[in-house]
Chemist: 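Handing you this structure, nothing more for now.
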Amino acid sequence: MTPFSFQRAGDAPEAIRLAAATIGAKYLGGGTNLVDLMREGVERPPALVDVTGLAAAIEAAPDGGLVIGAAATNTALAEDRAVRERFPLLARAILAGASGQIRNMATVGGNLLQRTRCTYFYDEAARCNKRAPGAGCDARDGFNRIHAILGASESCVATHPSDMCVALVALDALVHLDGPDGARRLPLAELHRLPGERPDLETELRPGELITAVEVPPLAFAARSAYRKVRDRASYAFALVSVAAALDLAEDGTVRDVRLALGGVGPKPWRAHAAEAALRGQGATVESFRRAAEAELRDARPLRDNGFKIELAARTIVAVLANLAGDRT
Ligand code: SF4
């Protein structure tokens, strides 16, 4: 491992100041991904600024939503009563995401910034445009069963690994940022970039910016929500496909509103806008759920090994929505 300095920040301004002192410095949350990347030599930050001592409270916002300190652990968020009662898809996504030990360490801010689990990205002997821009992509013609079917590019076909982010994107979460140029807020849906020709540029964060909190706006019908993750084994694994959904049905059984997002299929947590638009005003039937899924997956571009994800995603969307609709289907 390359030598690096380590400092612990007491608050956000101190963290930003410490990070600004060294070019290439990184903020360190629970380290459940960054430390792995450093061990593998994929990341070589000259300085780490530990931000686990920063704001970790999960608080009710004046508008009825939640503000979650970026240093809150995944365990604390999944166990929070307001999250479990009002945003069950978020609690379930976190519980599906990792073992208890990892959830105890991993922070909310770190979860947002975890990097792809593409095996070629971690293998320094492989060609990878994300790790070494311009090198090529060994996944494109290699073993690409776990890779993206939506939003990928010639340069990179990796998927975003987070479960929590899929639920948060469905909930229209906002990311609170602070940095050398001041504080700002960004919709989580705009935090992660599609790869295009620069897969090494993964987020819209400005140099030195720190995630300080995540805001979840109020959404009454999120109480009727779910998260389902399909993976290769019953024990913890990254998603082949996952679905976060919340459903609002009118008295006559039509879909008044819906939130839908997918994991395991794209380079960023994938908000299923086309499916949502296709569902609003329709009957809550298996047929309309299927049509909505097909609308979302119309642009899917499978690779050699992952064509099965298209049907898997469609069936998972239908199953989750039918389950939420209950006997109204
Ligand atoms: Fe690298 Fe992306 Fe290709 Fe994986 S898919 S090898 S992360 S460029």
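No hydrogens, no waters, no symmetry mates; every other heavy atom, side chains included, goes into these values. Worth saying up front: this structure is predicted, and the values here are computed from it rather than measured. For the single chain, residues carry numbers from 1 onward in sequence order. Both counts, for ligands and for their atoms, begin at 1 and track the order of listing.
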Chemist: Yes or no on side chain to side chain contact (heavy atoms under 4.5 Å, CB included) for Val216 and Phe87, after CA distance, side-chain angles and deciding distance?
Modeler: CA-CA 9 Å; Val216 181; Phe87 306 101; 3.7 Å; yes

Chemist: Any salt bridge linking Arg259 with Glu276? Criterion: basic side-chain nitrogen under 4.0 Å from a carboxylate oxygen.
Modeler: no

Chemist: So what's near atom 3 (Fe) of ligand 1, protein N, O or S atoms under 2.8 Å?
Modeler: Cys137 SG

Chemist: Tell me whether Ile94 shares a hydrophobic cluster with Val83, the cluster being built from Ile, Leu, Val, Met, Phe, Trp, Tyr side chains joined at under 4.5 Å.
Modeler: yes

Chemist: Does the structure place the NZ or CZ of Arg231 under 6.0 Å from the centre of the six-membered ring of Tyr236, at an angle of no more than 45° from the ring's axis?
Modeler: yes

Chemist: Any sub-3.5 Å donor-acceptor pair from Asn129's side-chain atoms to Gly134's backbone N or O?
Modeler: yes

Chemist: For His192, check ring-ring contact (aromatic ring centres under 6.0 Å, His included) against everything at least two apart and list the hits.
Modeler: His160

